[in-house]
There are 6 protein chains.
Amino acid sequence: MHHLGSLFGPDITFLGVDRLDMRDPRADPDVVILGAPLDGGTTHRPGTRFGPAAIRQACYLPHNGVRRSLALGVDPLTELRVHDAGDVPCYSGDLASAVRRIETAVRLVAGLGAIPVVLGGDHTIALPDMRGVARHHGFGRIAMIHFDAHADTGDVEAGPLYGHGKPMRQLIECGAVRGDRFFQIGLRGYYPEPETLRWMADQGMRSYDMSEITARGLDACLTEVFTTAMRDCDGVYLSVDVDVVDPGHAPGTGTPEPGGLTSRQLLDAVRRVAYELPVVGAEVVEVSPPYDHAEITAYLGSRIVLETLSGIARRRRDATDGPWDPHTPLLERPVHLAPTR
Amino acid sequence: MHHLGSLFGPDITFLGVDRLDMRDPRADPDVVILGAPLDGGTTHRPGTRFGPAAIRQACYLPHNGVRRSLALGVDPLTELRVHDAGDVPCYSGDLASAVRRIETAVRLVAGLGAIPVVLGGDHTIALPDMRGVARHHGFGRIAMIHFDAHADTGDVEAGPLYGHGKPMRQLIECGAVRGDRFFQIGLRGYYPEPETLRWMADQGMRSYDMSEITARGLDACLTEVFTTAMRDCDGVYLSVDVDVVDPGHAPGTGTPEPGGLTSRQLLDAVRRVAYELPVVGAEVVEVSPPYDHAEITAYLGSRIVLETLSGIARRRRDATDGPWDPHTPLLERPVHLAPTR
Amino acid sequence: MHHLGSLFGPDITFLGVDRLDMRDPRADPDVVILGAPLDGGTTHRPGTRFGPAAIRQACYLPHNGVRRSLALGVDPLTELRVHDAGDVPCYSGDLASAVRRIETAVRLVAGLGAIPVVLGGDHTIALPDMRGVARHHGFGRIAMIHFDAHADTGDVEAGPLYGHGKPMRQLIECGAVRGDRFFQIGLRGYYPEPETLRWMADQGMRSYDMSEITARGLDACLTEVFTTAMRDCDGVYLSVDVDVVDPGHAPGTGTPEPGGLTSRQLLDAVRRVAYELPVVGAEVVEVSPPYDHAEITAYLGSRIVLETLSGIARRRRDATDGPWDPHTPLLERPVHLAPTR
Amino acid sequence: MHHLGSLFGPDITFLGVDRLDMRDPRADPDVVILGAPLDGGTTHRPGTRFGPAAIRQACYLPHNGVRRSLALGVDPLTELRVHDAGDVPCYSGDLASAVRRIETAVRLVAGLGAIPVVLGGDHTIALPDMRGVARHHGFGRIAMIHFDAHADTGDVEAGPLYGHGKPMRQLIECGAVRGDRFFQIGLRGYYPEPETLRWMADQGMRSYDMSEITARGLDACLTEVFTTAMRDCDGVYLSVDVDVVDPGHAPGTGTPEPGGLTSRQLLDAVRRVAYELPVVGAEVVEVSPPYDHAEITAYLGSRIVLETLSGIARRRRDATDGPWDPHTPLLERPVHLAPTR
Amino acid sequence: MHHLGSLFGPDITFLGVDRLDMRDPRADPDVVILGAPLDGGTTHRPGTRFGPAAIRQACYLPHNGVRRSLALGVDPLTELRVHDAGDVPCYSGDLASAVRRIETAVRLVAGLGAIPVVLGGDHTIALPDMRGVARHHGFGRIAMIHFDAHADTGDVEAGPLYGHGKPMRQLIECGAVRGDRFFQIGLRGYYPEPETLRWMADQGMRSYDMSEITARGLDACLTEVFTTAMRDCDGVYLSVDVDVVDPGHAPGTGTPEPGGLTSRQLLDAVRRVAYELPVVGAEVVEVSPPYDHAEITAYLGSRIVLETLSGIARRRRDATDGPWDPHTPLLERPVHLAPTR
Amino acid sequence: MHHLGSLFGPDITFLGVDRLDMRDPRADPDVVILGAPLDGGTTHRPGTRFGPAAIRQACYLPHNGVRRSLALGVDPLTELRVHDAGDVPCYSGDLASAVRRIETAVRLVAGLGAIPVVLGGDHTIALPDMRGVARHHGFGRIAMIHFDAHADTGDVEAGPLYGHGKPMRQLIECGAVRGDRFFQIGLRGYYPEPETLRWMADQGMRSYDMSEITARGLDACLTEVFTTAMRDCDGVYLSVDVDVVDPGHAPGTGTPEPGGLTSRQLLDAVRRVAYELPVVGAEVVEVSPPYDHAEITAYLGSRIVLETLSGIARRRRDATDGPWDPHTPLLERPVHLAPTR
């Protein structure tokens with residue numbers, strides 16, 4: 001797998017990190033960015049095919065492959081070897097082949113010992129993304145933490161074979177993820193129907209809807225997730241559908257559901273996941289630029305990626321720097337005195 | 001009153017519920033949706049005439065008259081007989097006749113024993129909406145719970161006879177609602193002038209502005225309202241001006257006032273009202289599509305209606321299902337095991 | 001300095017307050033609004049040159065120079081003598097001369113005994129704004145409270161002489177503000193680099209990033225600031241970059257950084273500053289109309305100004321009205337019974 | 001009638017011309033601008049209430065009351081005494097009173113010997129605008145040249161009394177304009193119904209639809225109009241509905257009909273009318289800012305006004321400068337050598 | 001085939017015409033509208049899945065199934081029996097099955113003796129649309145008149161099997177249309193490559209690019225087409241890609257190419273085709289609402305349909321009314337005196 | 001001068017052409033693209049700093065450095081050696097240094113024997129662009145053909161030293177271009193003042209305003225220009241301000257003036273210039289993405305560049321292919337049979 005290039009527009013990398021060229025024997029990435037520019041699986045508003053390009057370039061800082069987290073004091077793009085392999089060739093009109101190609105690419109990345117971070121595209125890609133990771137790490141060995149307004153556990157028998165309404169069921173049914181290690185955060189609205197909820201309960205899934213999150217607090221819910229996520233699992237896959245955030249903060253998406261998390265809540269939650277658990281794969285999906293305004297959803301997608309990577313990088317620093325505590329004043333955090341690059 | 005049809009664009013119903021045909025002797029609705037496509041009463045940005053059409057169709061799910069609340073486990077559109085009677089013929093250039101027609105239509109609906117849910121339109125319609133309800137239930141017998149950034153209690157003597165700045169004063173002055181059963185939530189900004197505030201105090205109104213809500217918490221304020229709302233009253237009318245929400249979450253409105261509730265807060269509050277109190281009428285007003293982006297305000301309007309209806313439907317389930325508690329994990333809530341339809 | 005007129009579009013004043021004509025010997029303003037329609041200092045999206053015009057007219061109420069704060073019960077535009085001096089002639093293509101002119105104008109206003117309130121424009125203007133104030137009140141005598149997503153303490157040696165990424169360093173380096181009386185609130189993201197953070201720490205700056213604010217609460221952080229801000233200082237300068245607010249609430253800005261304060265949080269915080277501390281100057285910057293939607297960012301800019309002025313006006317009322325307490329129900333707050341104008 | 005002020009937003013004048021103060025005995029205007037900020041008469045998309053404010057300020061040049069036509073070499077704002085009387089108090093919710101007030105204001109202006117130029121507002125205002133002019137100049141003495149995609153001759157008996165679909169019939173029925181001196185240019189689409197067309201034919205109206213204009217050429221049609229317009233008439237009233245232009249050039253309007261004139265065609269046609277015929281009144285209507293993009297429709301509205309005034313001013317120069325001929329190279333046109341102001 | 005319903009949003013018909021219910025033995029349509037809400041075949045910007053819904057409702061007149069052409073004096077929706085069969089179930093993620101279903105539906109309609117008018121959807125649908133027609137009328141018996149900026153004759157071997165860049169080649173290769181009866185109008189830009197152009201030349205295609213159209217005039221080109229189109233053919237299929245029009249007039253499309261026809265030119269051309277030739281099928285494709293502004297492209301799509309139907313209806317009137325001539329003044333055209341309905 | 005990189009966003013090249021690396025001794029470009037991302041010289045709406053990035057990537061075809069003109073049958077990006085040198089480091093807040101750097105870069109490119117094509121940026125850059133060319137080819141030896149709505153000949157003494165309103169005067173005053181070899185096309189509106197017009201006449205400039213262009217036809221005017229442009233000159237510089245086009249076709253610009261050319265007219269005119277005259281330099285300026293919609297102005301900018309380059313490439317083919325004639329049917333043009341690359 002050499003560099004995949006770009007499907008839409010110029011061939012750029014996430015914030016200017018290096019391209020991944022698999023033919024280079026020196027390539028030894030920690031993290032590999034992959035684009036999955038797909039919207040054939042959307043049931044309503046399309047446009048997520050332009051998500052990867054938008055997330056890669058939504059920034060007011062130079063595209064120089066350098067980003068130091070102010071809060072955490074680490075630069076994930078340089079402390080980790082983060083490379084961008086380009087876009088998996090996806091054709092929205094032929095989901096079946098797109099799913100195959102994405103799964104192959106993700107599995108290859110995982111096989112390199114790297115963490116794949118897939119930029120969607122619609123949530124159809126969760127199936128090949130996570131299954132690709134599971135093919136390397138073992139079916140049932142990776143827990144899923146899934147931020148979303150929607151359960152995405154639609155009946156596989158009904159309707160087309162692939163789509164953004166059913167990957168989570170497909171992942172459990174094929175055994176890639178255990179139902180009782182599948183955690184959903186942010187559900188709300190008027191979906192899915194009772195049969196599906198009963199199927200979810202039968203699998204032992206744990207789904208935190210916004211009414212529970214509001215009543216108990218997001219941090220309490222996350223802490224509860226974290227205490228069980230790693231039992232009999234070796235790692236965590238993080239799937240973030242940007243529509244978990246309220247449409248006010250993320251209008252550029254296909255199936256907006258009012259009443260979601262704030263951007264702040266999501267970024268903090270993503271950081272906690274990446275800092276407190278061993279993430280082995282991640283995806284940011286459902287950013288739809290045609291419905292965005294002033295690029296705010298694309299920026300949010302960019303920051304979800306960066307916050308994830310920053311958490312991972314800071315986790316690796318714990319041995320030398322000790323635990324990170326946001327109660328410490330920013331300018332007194334010891335990590336800020338550590339050398340960079 | 002047969003089906004009223006559509007004033008703007010194709011003749012559709014709220015998310016596909018059945019049309020109400022008054023000539024059908026079998027018609028026995030629990031809830032009747034009415035459109036009031038009016039913006040002649042706006043003092044600034046118009047566009048609310050397109051509010052009913054936008055709220056009726058803002059959804060990414062099929063327009064099939066089925067919506068099951070994930071949190072509450074009820075489907076308000078099927079557990080309640082929800083019908084849509086179409087748009088009251090309103091002409092923005094002649095408010096006086098529009099007000100007459102709306103009041104007649106609302107009173108007819110209330111007379112059927114149904115709960116009218118009116119889709120505005122600008123807030124001028126609160127006068128005929130609530131007065132129409134009061135004509136059936138009795139003047140002074142229905143409490144008002146009013147979410148809004150603005151008090152809408154402008155002096156009736158000043159300026160034109162009708163408009164979106166004065167219906168609340170008109171309702172109290174005509175006796176439809178008692179001043180001391182009039183609860184306002186979310187006020188802020190630089191309005192109204194002191195004379196009006198003194199008038200409001202004289203009526204015994206209880207107005208929670210955002211500074212009090214922030215200091216005490218919205219839930220505490222609502223609980224306080226609920227303890228007194230039903231004293232000597234037989235029901236509650238719920239008036240939701242979408243501008244109670246921050247402009248970031250609801251840009252599509254005419255008189256945006258920064259610093260409002262989040263969408264999440266409003267949806268939770270509306271649900272509490274509908275679940276904890278006997279709602280006999282409701283309205284969602286001031287959704288202005290020309291100023292919306294990516295339909296997010298229209299979606300919010302849709303969800304305010306659905307959350308209201310879901311609360312009503314869940315309230316009716318209490319006898320069989322027991323009280324609803326968001327602390328129960330979603331997939332363990334007993335109501336999810338109950339049969340639907 | 002007579003009235004300066006308008007650089008872009010018709011010559012209007014902030015919400016209709018009187019123009020300031022310096023040649024009028026009766027002029028004795030408490031507050032002077034100045035426009036600094038500049039975007040030559042932006043490093044990314046421009047458009048802030050239209051900020052002053054947008055902030056001046058973003059309101060659905062009449063432009064009559066009257067605005068009574070609902071929460072505080074004061075009308076800052078009439079209780080204070082608030083005048084608008086127009087736009088300082090700024091040319092975005094020649095920042096050096098713009099900076100000179102702004103500093104001159106601000107110093108003149110301060111010399112009149114008035115509080116300058118500058119409408120930006122990009123944050124480059126913090127240098128002439130605050131330094132102009134300091135030239136009157138004394139270098140090192142005024143504390144800085146700075147709301148922003150970004151530290152704006154970029155190295156003065158690097159790149160162009162002026163710009164919106166470095167005014168805070170310039171202010172400290174020139175001695176206008178003491179580093180240990182410089183308080184920053186709302187920082188986040190991936191900026192600045194470690195060398196700059198070390199420089200900031202060396203100056204004794206106190207920077208509250210969003211991770212600390214989330215962990216401790218904004219009110220606790222502000223209270224901490226307030227206990228030290230006035231030590232050895234005679235007043236406070238308030239600098240509000242609208243991008244401290246989340247892009248969902250303030251899309252119309254040049255360098256949006258997801259995960260910010262809500263509009264409600266900022267307005268409450270600004271009110272606290274102006275009510276609890278002696279503000280001697282203020283600025284609202286980085287409102288960029290071309291990237292705004294439905295004017296929501298312009299409205300927010302308008303309300304930041306009004307909330308600041310309302311806090312100042314209410315502070316002056318304490319002697320007669322006693323302290324303001326948001327726990328008091330709105331319609332029982334004594335100030336609402338006081339005469340206006 | 002003193003200066004009327006502004007209904008929406010700050011009180012500004014058309015491109016900075018002087019306000020008209022009727023109490024000033026020295027006032028002797030040639031042209032008076034009036035705003036009619038009304039949209040209560042729109043049958044579909046509203047927003048024209050913001051038309052006057054948008055047209056008044058849509059310009060990238062200083063608002064200094066000076067505009068010299070490049071093509072014609074005259075400055076209509078200074079060669080004519082052009083004053084702006086502000087907005088007629090119009091309330092969209094009460095068209096009947098708005099129509100009365102507009103007619104009174106226009107008649108007053110005409111009574112001063114000035115040419116009223118009314119900025120709409122929806123086309124409802126053609127009734128009071130033109131009738132106000134006719135009340136001064138005599139019923140049936142002024143020909144009408146009407147640019148529009150729609151005939152606006154709807155049956156007066158049907159529907160509400162006033163609205164933007166019927167003023168042209170009302171004008172003929174009341175006798176203000178003779179049917180055989182009523183010229184329509186630019187009609188197209190699927191309106192009105194045959195009964196109305198027969199009524200129009202019966203009145204002797206001459207309506208040029210786009211199929212005739214395309215087949216014969218706009219200039220030929222105009223020339224034909226000009227040869228008969230002044231027979232037994234003393235002047236011409238010019239009514240320009242911006243939707244006569246194709247929606248690509250004028251998206252900001254309420255009832256867009258594809259296939260219209262280009263902006264260039266309309267501006268040339270308006271100039272010909274004003275240069276070749278004695279215009280005694282004019283209106284520019286149906287500019288709807290909420291549906292505009294990048295202000296292009298507002299700019300077009302502004303230029304329609306300026307082109308009209310420039311034509312009038314150049315017509316007055318014919319005696320001294322001779323006829324204007326666009327075949328003469330721009331820099332050789334003698335008028336460019338004439339003194340200005 | 002009963003009524004197909006709606007894929008996105010409420011189930012509406014084109015401007016309110018009757019639904020087609022195939023089970024009704026009285027159904028005898030002249031024209032059947034079909035939606036093909038598909039964008040899986042787009043190579044760049046998607047969104048055409050919302051084209052059918054947008055075209056069906058883009059109108060400011062009532063959705064009453066009545067539209068009388070002003071220019072032609074016929075009402076195509078009532079003089080012809082125009083019915084709407086709803087949306088063919090298309091899933092963008094599985095083009096192969098969508099293509100099959102569309103072809104089946106179109107063939108069924110043609111088999112009824114009706115003219116299918118398909119609302120796209122992306123241009124992929126030309127293959128099943130035209131082939132479905134040809135299956136009824138005979139392969140090679142129907143000429144194609146194709147308005148487009150792009151030739152859409154991409155190599156079938158390259159890339160995916162279906163897509164909007166190749167249907168025209170597929171139609172010729174399968175024999176549905178003869179290459180020498182394939183007329184293209186409006187080509188421009190930088191596509192396709194020379195091999196494809198040579199293939200096109202080899203087929204005997206006649207492609208009028210914008211340079212030829214500008215040099216010779218559109219009417220002359222059309223007349224030339226008309227003289228040969230019907231040789232050895234029995235009818236004409238009309239395919240209109242809205243991007244043949246300049247992006248200024250039709251921004252809501254996926255592959256905009258500057259320098260196109262004006263809306264006026266296209267509407268006149270479409271009318272000529274439908275009036276002068278025997279149209280047996282038609283499609284309007286590539287209207288993409290997410291990229292539209294103020295609905296202007298949707299309106300254009302609506303008018304392309306109406307102009308086509310009006311031409312067909314007027315052609316049927318020739319026997320009684322004589323030929324239509326736009327040089328006749330509108331109000332003197334005899335057809336306006338003919339009875340309607 | 002090695003590759004200059006990107007000032008805003010990722011470092012990309014015009015449609016994927018190769019970067020220019022000056023250190024490569026094999027570099028021998030025919031055409032060099034330069035970005036001048038500047039808006040400090042705009043007098044009204046900014047945003048042109050994002051023009052170069054937008055023009056470089058506005059295309060729905062692959063960014064592969066290949067574009068074959070359909071009309072002309074040449075691929076300018078491969079038949080000419082077109083390279084992209086990146087963005088000249090411009091800081092909008094310091095125009096003086098930006099002007100110096102641009103002039104140096106352009107002169108260097110001209111010194112390589114290549115044609116510089118500069119992507120603006122505001123029109124301020126015409127001064128360093130054209131003067132840089134003149135420094136190589138000789139002052140007074142290159143004619144200027146200038147498409148614009150505005151003369152841009154503002155008095156150099158007034159206001160700031162640099163800006164987009166005065167470069168054309170500066171070019172003549174410094175002698176870079178002879179006044180009588182300066183041709184302006186498309187002027188209109190209300191600018192400039194008579195003194196400036198007299199200065200222009202004194203220089204012998206030939207300015208075609210829209211009234212002359214409409215009266216005589218654009219092609220006749222161009223032909224007239226072409227007959228004199230090369231007298232005593234060695235080449236032509238082509239300056240295209242996108243606002244020469246009507247705002248309907250090019251909304252994304254800073255100073256829109258209704259009544260301009262159509263996109264089609266401009267593209268044809270640009271092609272004529274490049275095909276019929278020896279172009280030695282070109283610029284496309286005033287594309288302002290923040291004010292654009294659906295990228296249509298950026299696309300137009302892209303096509304202006306391509307049409308220019310295509311004309312140049314086709315001119316070089318004349319010797320072998322003979323003259324190009326648009327009257328020849330597209331598929332019969334001989335050039336389509338010629339080999340590419």
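Quick note on labels: first sequence line is chain A, next is B, and so on, each numbered from 1.
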Inset, instruction - Name the option with the most non-hydrogen atom pairs under 4.5 Å to chain D; the candidates are F/Cys221, F/Ala201, F/Pro192. - result: F/Ala201
Inset, instruction - Return the minimal non-hydrogen interatomic distance between D/Leu61 and F/Tyr190, and the atom names on each side. - result: CD1-O, 3.6 Å
Legend entry - F/Asp209 vs D/Pro329 side-chain heavy atoms within contact, under 4.5 Å: no
Inset, instruction - Could you tell me the separation between the CG atom of D/Leu331 and the CG atom of F/Leu197, rounded to the nearest 0.5 Å? - result: 6.0 Å
Inset, instruction - Please name the pair of heavy atoms, one in D/Ile296 and one in F/Pro247, separated by the smallest distance, quoted to 0.1 Å. - result: CG2-CB, 3.6 Å
Legend entry - Option in F/Ile213, F/Thr43, F/Thr262, F/Thr214 with maximal non-hydrogen atom pairs under 4.5 Å from chain D: F/Thr214
Inset, instruction - May I have the step-by-step check of side-chain contact (heavy atoms from CB on, under 4.5 Å) for F/Glu212 and D/Thr328, ending in yes or no? - result: CA-CA 7 Å; F/Glu212 182 178 359; D/Thr328 310; over 6 Å; no
Inset, instruction - Please examine the side chains of D/Leu330 and F/Tyr208, heavy atoms only from C-beta on, and report whether any two atoms are closer than 4.5 Å. - result: no
Legend entry - Atom pair CG/OH of F/Asp243 and D/Tyr60 - distance to nearest 0.5 Å: 7.0 Å
Inset, instruction - Side chain from CB out, backbone as N, CA, C, O: work out which of these in D/Leu306 comes under 4.5 Å of a heavy atom of chain F, or both, or neither. - result: both
Legend entry - Segment of F/Ser207 engaging chain D (4.5 angstrom heavy-atom cut-off): both
Inset, instruction - Evaluate the side-chain proximity of D/Val66 to F/Glu193: yes if any heavy-atom separation is below 4.5 Å, no if none is. - result: no
Inset, instruction - With chain F as the partner chain, list the residues of residues 251-258 of chain D whose heavy atoms fall under 4.5 Å from it, by residue number, and write 'none' if nothing qualifies. - result: none
Legend entry - Backbone N/O of F/Tyr291 and side chain of D/His293: donor-acceptor pair under 3.5 Å: yes
Legend entry - Side chain, backbone, both or neither of D/Leu267 within contact of chain F (heavy atoms, under 4.5 Å): side chain
Inset, instruction - Look at D/Arg271, D/His249, D/Glu307, D/Arg264 and state which one has the largest set of heavy-atom pairs under 4.5 Å with chain F. - result: D/Arg264
Legend entry - Donor + acceptor pair across side chains of D/Arg333, F/Ser211 (<3.5 Å): yes
